[in-house]
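One structure is given below, encoded as structure tokens.
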Amino acid sequence: MKMTLVGTDDERLIRPLQLIADLFFEECEVRFPSNEAEEDQDYKITIDINQKHTNFSVSVILQNRKTGVIHKETSQRSWTNAEEKEMFKLIKREISKCFLLTLQNETGIIQKWGFLTGIRPTKLLHKEVQMGTPLKIAHQKLKDEYMIESEKIELMQQIVDRQLTIVPDLYQLKNEVSIYIGIPFCPTKCAYCTFPAFAINGKQGKVDSFLGGLHYEMRKVGQWLKEKGIRITTIYYGGGTPTSITAEEMDLLYEEMYTSFPDVEKVREITVEAGRPDTITPEKLEVLKKWRIDRISINPQSYTQETLKAIGRHHTVEETIEKFWLARKSGMKNINMDLIIGLPGEGTEELSHSLAETEKLMPESLTVHTLSFKRASEMTRHKSRYKVADRPEVEKMMDMASTWTKQHGYVPYYLYRQKNILGNLENVGYAFPGQESIYNIMIMEEMQTIIGLGCGASSKFVHPDTGKITRFANPKDPKSYNEGFEHYTNEKIKILEDLFSEISVQK
């Protein structure tokens, strides 16, 4: 699909229009006219901007070159004493609204998230709540500025309300940090995955070296936190699959956590992703119990064996169920499970089966993901091999999951979206009230600094006053990490020094 943009030469408009076009068409390209033949273009976009004093009007005309059908949308806005940068933002927004409407008219596809393409939509509503904006006005603002439909705004509001119930001091946690610890090993790599995940078999030397570097990072960062009197809100072990390493290695790692980090007994939540059932053993569960870690994830993704085989998960459905009950028997009181909507070959029948199997287990929380074709994944590189459901069926599957969770007492508590997500939908975390993951809230709403330790771990440093985010990522591959972990540790501590230099923390 090719679209040419005429009527403006402002290159800043190409990207926002490209993102909107991508919501409707696969492999679409928006560009200015070139020397290519006119018949090579599927659509012509004409933009007319008329500025007069403190008012402006925008018209967007979409012409289908093949059918000759033309759609036109017009919008008018005013501004007062706006700087040039702010004026462009207003103009871009109005153009985006008009462009979205023309494509909806052309395709018949309604985008319930409007032209919002950000990963964390609930941040927009949190911002309004923090400013004291009345909810009715805040909701209307989301409709007017992003064209989000009421259904999605209601979901956002439900999640924001739940988050502030779970973490009533959410807006005051900027003086604390959370810790993410990345373990970059898995039994095998799933076809949809782009996380750092290296096959652990035959790589013991790399594992040993990696763990040495990770222990070093934990000691140095923990020492800095103790010196500054900075508390830790949550700790999350992700990956990869953190339970890929041995029980003995896990034991030493958690001992390091308690030794190095300040007041671990007061940390609100510690989570270990045991996402792959084929990594869970009685010995590892005993280690978790020893260190008082009772929140884990055991992720089926699907309860259809053919699907698991297709996506590269080398465990059985029966093993998922067996390991769930093994964890429950060992004393795990807060188990999360993940399901993915739209996996290859799956439709409403397969999802119905997965929900029925979930009903037999009733984990404390259930995260419902919508499949996303991530750029570097095996599935995206060989997309033709993986047949997935169409948009109407994916939307029906999401409705099924939403209805099922409500009927069984789960409430939504966090939400995020991804590029190239099927149906332009979302990922939603549901939980029984009181069993929600605080870390998931912290990582999504970006209210505090999260320090990433380990291979592939990304740190997000949130300025406590301005909210500005600085990102810093460790290398994704174990070899590079092993060669430079001291350097990456020192760089993070330098950023932390600058970030917290003006904060007076009560010890």
Side-chain angles (χ1 to χ4, degrees), residues 182-193 195-201 203 207 236-251 253-254 270-289 293-341 343-346 350-351 353-369 371 378 427 429-431 435 437 440:
I183 310 291
F185 301 104
C186 272
T188 59
K189 188 157 186 171
C190 300
Y192 53 79
C193 181
F195 286 106
F198 296 84
I200 198 165
N201 293 333
K203 304 293 184 183
V207 174
Y236 191 98
Y237 289 84
T241 304
T243 46
S244 292
I245 60 177
T246 67
E248 292 77 15
E249 289 165 340
M250 288 171 60
D251 189 33
L253 188 60
Y254 305 147
I270 302 174
T271 298
V272 173
E273 276 213 33
R276 290 287 293 264
D278 41 343
T279 66
I280 300 171
T281 66
E283 293 77 17
K284 293 176 184 179
L285 290 169
E286 280 301 312
V287 170
L288 292 168
K289 185 176 180 180
I293 299 170
D294 71 352
R295 187 178 191 280
I296 64 172
S297 291
I298 304 174
N299 299 332
Q301 314 301 23
S302 169
Y303 286 89
T304 299
Q305 191 61 49
E306 292 81 3
T307 302
L308 297 181
K309 182 179 179 181
I311 63 177
R313 289 178 77 89
H314 295 178
H315 63 83
T316 64
V317 170
E318 291 73 23
E319 190 172 10
T320 300
I321 297 168
E322 174 193 338
K323 297 302 176 64
F324 176 90
W325 290 118
L326 181 65
R328 191 64 96 205
K329 185 178 179 181
S330 77
M332 290 293 159
K333 299 177 181 178
N334 193 341
I335 300 176
N336 173 76
M337 303 189 91
D338 287 0
L339 293 177
I340 301 180
I341 286 175
L343 286 170
E346 291 209 346
E350 287 77 14
L351 177 62
H353 172 67
S354 288
L355 293 173
E357 291 300 308
T358 303
E359 188 170 5
K360 298 175 184 177
L361 307 178
M362 296 303 286
E364 281 70 28
S365 58
L366 179 71
T367 306
V368 180
H369 299 269
L371 181 66
E378 163 72 16
N427 306 309
Y430 299 90
Q435 302 289 346
S437 166
N440 284 339

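For this chain, numbers begin at 1 and follow the sequence in order.
- A distance of 8.0 Å separates CD in Glu273 from CG in Asn336, rounded to the nearest 0.5 Å.
- Ile335 is listed as a side-chain neighbour of Ile296, based on a closest heavy-atom distance under 4.5 Å.
- Contact of the Ile183 side chain with the Leu253 side chain is registered, since non-hydrogen atoms from C-beta on lie closer than 4.5 Å.
- For the atom pair CG (Leu371) and CD (Gln301), the distance works out to 10.5 Å, reported to the nearest 0.5 Å.
- The side-chain contact (heavy atoms from CB on, under 4.5 Å) test applied to Glu318 returns Gln305, Thr316, not counting sequence neighbours.
- For the residue pair Lys289 and Ser330, the shortest heavy atom distance occurs at CD-O, 3.4 Å.
- Counting heavy atoms from C-beta outward, Asp278 and Glu319 have side chains that approach closer than 4.5 Å.
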Just do the side-chain contact (heavy atoms from CB on, under 4.5 Å) check on Leu308 and Val317 with the steps written out, would you?
-> CA-CA 8 Å; Leu308 297 181; Val317 170; 3.9 Å; yes
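- For Ser437, the side-chain contact (heavy atoms from CB on, under 4.5 Å) test picks out Glu269, Arg295, Tyr413, Tyr439, Asn440, with sequence neighbours left out.
- Taking all atoms of both residues into account, the shortest heavy-atom contact from Ala274 to Ile280 is O-CD1, 3.6 Å.
- Using a 3.5 Å distance cut-off with no hydrogens or angles, the side chains of Gln435 and Asn334 do pair a donor with an acceptor.
- Rounded to the nearest 0.5 angstrom, Ser354 OG and Met337 CE are separated by 10.0 Å.
- By the side-chain contact (heavy atoms from CB on, under 4.5 Å) test, Glu350 pairs with Thr304, Glu346, sequence neighbours left out.
- For Glu322, there are no side chain to side chain donor-acceptor pair (under 3.5 Å) partners, not counting sequence neighbours.
- Inter-residue side-chain proximity for Tyr303 and Leu355 is flagged as unmet; no heavy-atom pair is nearer than 4.5 Å.
- Here the OG1 atom belonging to Thr358 is positioned 4.5 Å from the CG atom belonging to Leu339, to the nearest 0.5 angstrom.
- When the side chain to side chain donor-acceptor pair (under 3.5 Å) test is applied to Tyr237, no partner is found at least two apart in sequence or on another chain.
- The line from CD of Glu283 to OG1 of Thr246 is 10.5 Å long, rounded to the nearest 0.5 Å.
- In plain terms, the two heavy atoms of Arg328 and Leu361 that are nearest each other are NH2-O, 4.5 Å.
- With sequence neighbours left out, Glu286 forms a side chain to side chain donor-acceptor pair (under 3.5 Å) with no residue at all.
- When all heavy atoms are compared, the tightest approach of Ile298 to Phe324 is CD1-CA, 3.9 Å.
- The side-chain heavy atoms of Met250 and Tyr254, taken from C-beta on, include a pair separated by under 4.5 Å.
- Taken from CG in Asn427 to CG in Asp338, the straight-line distance is 9.5 Å, to the nearest 0.5 Å.
- Salt bridge Glu357/Lys360: present, at least one basic N to carboxylate O contact under 4.0 Å.
- Put simply, the side chain of Lys333 never gets that close to the backbone of Asp294: no donor and acceptor are under 3.5 Å apart.
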Under the side-chain contact (heavy atoms from CB on, under 4.5 Å) rule, what do Thr241 and Phe185 come out as? Steps first, then yes or no, please.
-> CA-CA 6 Å; Thr241 304; Phe185 301 104; over 6 Å; no
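- Residues Gly312 and Arg276 approach most closely at O-NH2, 4.2 Å, considering heavy atoms.
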Could you walk me through whether Leu288 and Val272 pass the side-chain contact (heavy atoms from CB on, under 4.5 Å) check?
-> CA-CA 9 Å; Leu288 292 168; Val272 173; 3.8 Å; yes
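- Across Ser365 and Ala431, no two heavy atoms sit closer than the pair CB-CB, 3.7 Å.
- Counting heavy atoms from C-beta on, the side chains of His369 and Ile341 never come closer than 4.5 Å.
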